[in-house]
Amino acid sequence: MTIQWFPGHMAKARREVSEKMKFVDIVFELVDARLPRSSRNPMLDQIVQQKPRLILLNKADLADPNQTARWMDWFKEQGYEALSLNAKNDKSVKQIVPAAKKVLADKLARDKERGIKPRAIRAMVLGIPNVGKSTLLNHLAGKKIASTGNKPGVTKGQQWLRFGSQLELLDTPGILWPKFEDPEVGKRLALTGAIKDDLLHLDDLAIDELGFLRRFYPEQLKERYKLTDEEMFQELPELLMLIAHKRGFKDDYERASEMLIIELRQGRLGRYTLDRFEEYTE
Ligand code: GDP
């Protein structure tokens with residue numbers, strides 16, 4: 001997906017999301033489990049305000065499970081309910097309703113006391129491009145889902161996707177752009193494929209990737225490219241050259257860089273988390 005950053009574009013998306021906020025009981029904030037900080041929109045708090053929120057760390061199947069566990073605890077410490085998710089997996093997606101009920105427990109109990117008949121929870125999915133919003137909606141839609149259309153009490157024009165009897169989702173997710181003026185955040189978003197990488201130099205990105213893998217996941221790097229201990233400790237540009245040669249790319253660094261980035265995105269280098277928990281909290 002091509003992402004261009006225009007202030008006007010962002011303002012429009014933000015307005016649309018704000019307008020829809022009043023129709024829902026809860027917001028599902030989708031973040032990339034490999035980037036629990038960099039894939040969040042910094043204006044989200046302002047837009048969502050007091051609306052109950054469930055944070056879904058999606059693509060958890062690609063992320064480092066130790067890091068995900070620590071980030072989940074951290075979100076909980078901040079007062080949010082958080083769930084690690086694989087939007088492509090049935091069992092995983094089924095955990096959403098119980099988690100949403102937990103977030104809304106007080107409201108549901110109040111409604112019950114007042115004799116209000118329980119109805120489906122209305123939610124909106126919100127997140128940056130490529131985080132898995134449509135995958136989640138399509139996945140739900142694939143399972144006995146019906147577009148419920150307009151209902152009494154629901155403003156005309158809102159289309160709802162029904163998931164069982166307990167959950168209704170606005171059929172268009174809210175898209176908010178990440179803030180990638182920070183070069184480090186930009187690189188991380190590019191490495192996971194969240195933003196278009198032609199904004200950056202591929203070889204710079206690949207060198208960064210190698211440095212990151214060597215530091216945090218050396219075994220995965222060694223294993224994938226059959227590197228010896230000695231080779232692992234070369235300067236990063238030399239390491240890139242070596243991998244290019246091993247793959248038969250001769251001196252084509254551009255091609256080797258592209259391959260490295262694609263393999264990282266596809267999870268061929270194993271599971272990883274780019275936003276290190278320690279980096280933000282220590
Ligand atoms: P959107 O732009 O937020 O709607 O993102 P998409 O739903 O189009 O997803 C972007 C890419 O991520 C697609 O290739 C999906 O197949 C993939 N994807 C989404 N969720 C997951 C997940 O939980 N795990 C994995 N491995 N891939 C996912």
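For ligands, and for the atoms within them, numbers begin at 1 and follow the listed sequence. Since the structure is predicted, the reported quantities are computational estimates derived from the model, not experimental observations.
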Is the shortest N/O to N/O distance between Ala87 and ligand 1 below 3.5 Å? yes
Residue pair Lys107, Asp111: steps toward the salt bridge (Lys or Arg N to Asp or Glu O under 4.0 Å) verdict: CA-CA 6 Å; Lys107 178 191 177 291; Asp111 284 357; 3.1 Å; yes
Element-labelled atoms of ligand 1 that are located less than 4.0 Å from some non-hydrogen atom of Lys133: 1 (P), 2 (O), 3 (O), 4 (O), 5 (O), 7 (O)
Parallel, tilted or perpendicular for Trp74 and Trp71, by the 30°/60° rule? perpendicular
Heavy-atom contacts under 4.0 Å between Asn130 and ligand 1: side chain, backbone, both, or neither? both
Under 4.0 Å from a heavy atom of Ser134: which atoms of ligand 1 are those, numbered in the order shown and with their elements? 1 (P), 4 (O), 7 (O), 8 (O)
Judged by atom type as modelled, is there a donor-acceptor pair below 3.5 Å linking the side chain of Gln67 to the main-chain atoms of Tyr272? no
Return each pair, listed once, that meets salt bridge (charged side-chain N to carboxylate O under 4.0 Å, His left out) where at least one residue sits in residues 184-194; pairs must be two or more places apart or across chains. Glu184-Arg188, Lys187-Asp208, Arg188-Asp275, Arg188-Glu279
Where does Leu136 meet ligand 1, judged by heavy-atom distances below 4.0 Å: at the side chain, the backbone, both, or neither? neither
The atoms of ligand 1 lying under 4.0 Å from a heavy atom of Leu62, numbered in the order shown, are 26 (N)
Is it true that Arg119 and Glu168 have a side-chain N and a carboxylate O under 4.0 angstrom from each other? no
